[in-house]
Amino acid sequence: MSAPTHTRPHPAPAGGVDVRLPWWAIALPAIIFAVLLLLILNPVDAHAATGDPAVGQLLDRIQQAVLHTAP
């Protein structure tokens with residue numbers, strides 16, 4: 001049994017594709033890029049979060065367990 005094929009009712013336009021982006025689609029990535037670039041250039045302003053040392057120890061133990069069980 002064959003399946004019916006669908007054809008386009010009108011021919012496709014020959015011109016280019018007209019894509020319009022909202023203003024924030026360009027502005028937000030540009031702002032985020034600028035902020036990240038400033039953090040890279042001046043790392044003194046980027047403070048590390050002080051967390052519970054137990055989390056770091058847990059991650060170290062998981063890493064050691066994975067490395068020891070890997071062939």
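A quick note: this is a predicted structure, and the numbers were derived from the prediction, not measured.
Note: I32 CD1 to L37 CG = 13.5 Å, rounded to the nearest 0.5 Å. Atom CG of residue L38 and atom CZ of residue F33 lie 10.0 Å apart, to the nearest 0.5 angstrom.
Checked against side chain to side chain contact (heavy atoms under 4.5 Å, CB included), A25 has the following partners two or more places apart in sequence or in another chain: L21, P22.
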